There are 2 protein chains.
Amino acid sequence: MSTVRKAVSLLELFTLEEPEIGLSDLSRKAGLDKATARRLLMALAEHRLVEQEPVSRRYRLGAGLTRLARIRDAQLPLLPVAIPILRELSQQTGETVHISEYSAGALLTIHVELSPKANRVNVNVGQILPLHGTASGLALLAFVREEIRRDCLRTPLAAFTPHTMTDAKQVLQAVWLAAERGYSRSGQGYEEGVHSVAAPILGSDGYPIGTVAIASPVSRADDSVAAVQGALVIEATRRITKQLIGEPVEPAERALG
Amino acid sequence: MSTVRKAVSLLELFTLEEPEIGLSDLSRKAGLDKATARRLLMALAEHRLVEQEPVSRRYRLGAGLTRLARIRDAQLPLLPVAIPILRELSQQTGETVHISEYSAGALLTIHVELSPKANRVNVNVGQILPLHGTASGLALLAFVREEIRRDCLRTPLAAFTPHTMTDAKQVLQAVWLAAERGYSRSGQGYEEGVHSVAAPILGSDGYPIGTVAIASPVSRADDSVAAVQGALVIEATRRITKQLIGEPVEPAERALG
DNA sequence: AACGGCGGTTCAAATAATGAACCGATAACG
DNA sequence: CGTTATCGGTTCATTATTTGAACCGCCGTT
């Protein structure tokens with residue numbers, strides 16, 4: 001494993017639940033020697049990607065990350081634009097709504113608006129979603145470049161639940177349906193008991209840069225609910241796309257059977 | 001130079017002005033071989049710290065940074081709390097206001113509210129401020145732990161303008177004055193023609209975690225203006241501190257002559 | 001006082017990083 | 001329309017960096 005990968009994997013040990021970690025703990029969790037972990041941390045600290053709490057001597061993520069993230073967000077300010085729209089969508093539907101960003105062949109969940117209901121779907125920020133097993137993934141596949149879709153479906157498809165579609169043909173059917181309707185649907189393909197509906201956010205080139213999904217307990221989902229949610233999620237993503245680009249964007253391509 | 005440092009220095013080449021850079025360009029700017037730069041970028045991309053624009057093949061900062069920054073900000077949510085207060089402060093004074101975070105022995109500027117006036121001070125997000133040459137630095141030094149202050153003033157002090165105080169005794173005088181008044185003042189210590197007034201934001205332990213500064217053209221600054229700005233910047237930092245911690249915080253220590 | 005865990009350091013051995021030369025593709029030029 | 005330059009990307013023998021077991025001093029517990 002390259003040194004850089006090890007260093008970054010150290011960064012990824014910090015979570016919302018555990019934002020400060022000591023050296024020994026950190027090295028154990030990363031599977032690295034203490035000396036190695038320390039050298040990597042020092043290098044990261046030099047650029048403020050981590051910092052050390054002076055009294056406890058524990059490490060935490062550094063201010064440099066805030067800075068870099070702001071540079072990125074200035075270029076592609078997804079969250080500030082999307083969050084109010086997601087909140088509204090969550091209120092309209094009473095369900096958990098999450099937004100994911102497409103990056104390096106996968107979807108990364110970057111924000112969640114939780115349903116106020118006691119029986120709700122919980123989604124974590126930072127979660128990586130498989131393209132073939134989630135509504136978000138299907139919505140993305142329905143509008144990406146043909147080549148990316150092919151690459152994704154060529155590799156063997158992992159099963160996350162007994163309901164996961166692992167046959168490429170089957171997935172393609174769902175993708176075609178999503179391309180036609182404008183929204184995708186997935187029942188328990190990634191997590192048991194979770195039903196989702198999703199639509200893509202388009203970039204200025206007409207290809208998806210991410211997705212928005214509404215996740216409900218299966219007990220509250222049926223065809224008519226899905227149709228309503230589908231229409232709402234399409235509207236939400238259109239609004240986000242429009243605000244992001246400054247004008248409505250048409251999909252550059254649609255998966256067609 | 002360690003591999004990690006090289007990798008991070010690649011990240012730091014991306015700026016608001018140039019958020020997308022090609023491989024050759026990137027390797028030249030970093031002073032690295034093209035092959036080396038590429039390997040580093042691949043490692044970073046694997047963790048989504050950078051991503052590659054599929055068509056132009058140029059690189060840009062990745063979504064993983066947004067995610068990590070959100071974890072950090074959840075722990076220390078300076079900006080969301082501070083920005084509205086900074087904006088107000090900028091409107092009250094008509095001057096440029098900036099906030100910096102203390103990390104690893106230096107101040108990093110994390111947000112700027114620019115003055116609406118034509119003749120204004122421009123400050124860039126991401127800029128690192130020297131502790132002895134800026135009002136922000138002096139405000140910090142006035143309230144940090146004795147040991148940090150000593151360490152800072154022991155090393156030779158760089159001169160950024162003919163006005164920079166490079167004598168530790170002289171700097172200490174300014175620090176003492178700042179500790180007494182609650183705000184610091186610096187005239188052209190870092191940039192010609194810039195006058196600044198600053199105060200510290202305190203963490204729950206009573207030590208500064210950052211500073212807020214009001215930067216004016218020297219032509220608009222005199223003793224009475226500075227006194228007014230000083231009172232305003234103290235009030236702003238107190239409000240930020242209070243919102244951050246949940247209650248007012250008294251300084252743990254003051255530099256005293 | 002003995003113990004165990006912490007953060008941090010050392011240095012010979014082992015492994016990973018390096019970069020000059022190369023490839024094919026694309027854009028610019030006379 | 002060939003020539004040239006630059007792009008992103010790759011290769012592999014050479015080289016320099018990373019590695020980790022053992023060590024330190026420190027602190028709180030037993």
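Since the structure is predicted, the reported quantities are computational estimates derived from the model, not experimental observations. The sequence lines fix the lettering, A, B, ..., with proteins before strands; numbering per chain opens at 1.
Residues passing the side-chain hydrogen bond (donor to acceptor under 3.5 Å, both in side chains) test with A:Tyr183, sequence neighbours excluded: none.
Proximity of B:Thr3 to the phosphate of C:dA16: no side-chain N or O atom is located under 4.0 Å from OP1 or OP2. An OP1 or OP2 oxygen of C:dC6 is reached within less than 4.0 angstrom by no side-chain nitrogen or oxygen of A:Tyr59. In this structure, A:Ser24 reaches the C:dG7 phosphate: one of its side-chain N or O atoms is under 4.0 Å from OP1 or OP2. In this structure, A:Arg28 reaches the C:dC6 phosphate: one of its side-chain N or O atoms is under 4.0 Å from OP1 or OP2. Between B:Arg38 and D:dT10 there is a side-chain N or O to OP1 or OP2 distance below 4.0 Å.
Taking atom CG of A:Asp33 as the reference point, atom C1' of C:dA14 lies 14 Å away to the nearest angstrom. Between A:Lys6 atom NZ and D:dT17 atom P there is a gap of 15 Å when expressed in whole angstrom units. When the C1' atom of C:dG5 is taken as reference, atom CZ of A:Arg58 falls 14 Å away, rounded to whole Å. Atom CD of B:Glu53 and atom P of D:dG8 are 13 Å apart (whole Å). What separates CD1 of B:Ile21 from P of D:dG8 is a distance of 11 Å, to the nearest Å. Between the CG atom of A:Leu41 and the P atom of D:dT19 there is a distance of 12 Å, rounded to whole Å. Atom-to-atom, CE of A:Met1 to P of C:dA16 comes out at 11 Å; the value is rounded to the nearest Å.
Contact record, A:Leu78 with A:Ile240: CD2-CG2, 4.0 Å, taken as the closest heavy-atom pair.
Both A:Gln52 and B:Leu40 lie close to DNA chain C; mapped to their nearest nucleotides by heavy-atom distance, the more 5′-ward contact belongs to A:Gln52. If you find the closest nucleotide of DNA chain C to A:Arg57 and to A:Ser2, the one lying nearer the 5' end belongs to A:Arg57.
Aromatic pair B:His132/B:Phe160: ring centres closer than 6.0 Å.
Each of D:dG8, C:dA20, D:dT17 was ranked by its minimum atom distance to the side chain of B:Leu23; first place goes to D:dG8. Minimum atom distance to the side chain of B:Ala35 is reached by D:dT11, of the listed D:dT11, C:dA16, C:dT10. For B:Arg39, whose side chain is taken as the heavy atoms from C-beta onward, the closest listed nucleotide among D:dC7, D:dT10, C:dA17 is C:dA17.
B:Glu18 has no carboxylate O lying under 4.0 Å from a charged side-chain N of B:Arg58, or vice versa, which leaves the two without a salt bridge.
Checked by distance alone, B:Lys34 brings no side-chain donor or acceptor within 3.5 Å of a matching partner on the base of C:dG19.
Among the atoms of the strands shown, none is found under 4.0 Å from any heavy atom of B:Arg5.
A donor and an acceptor atom, one from each side chain of B:Arg238 and B:Thr241, are nowhere located under 3.5 Å apart.
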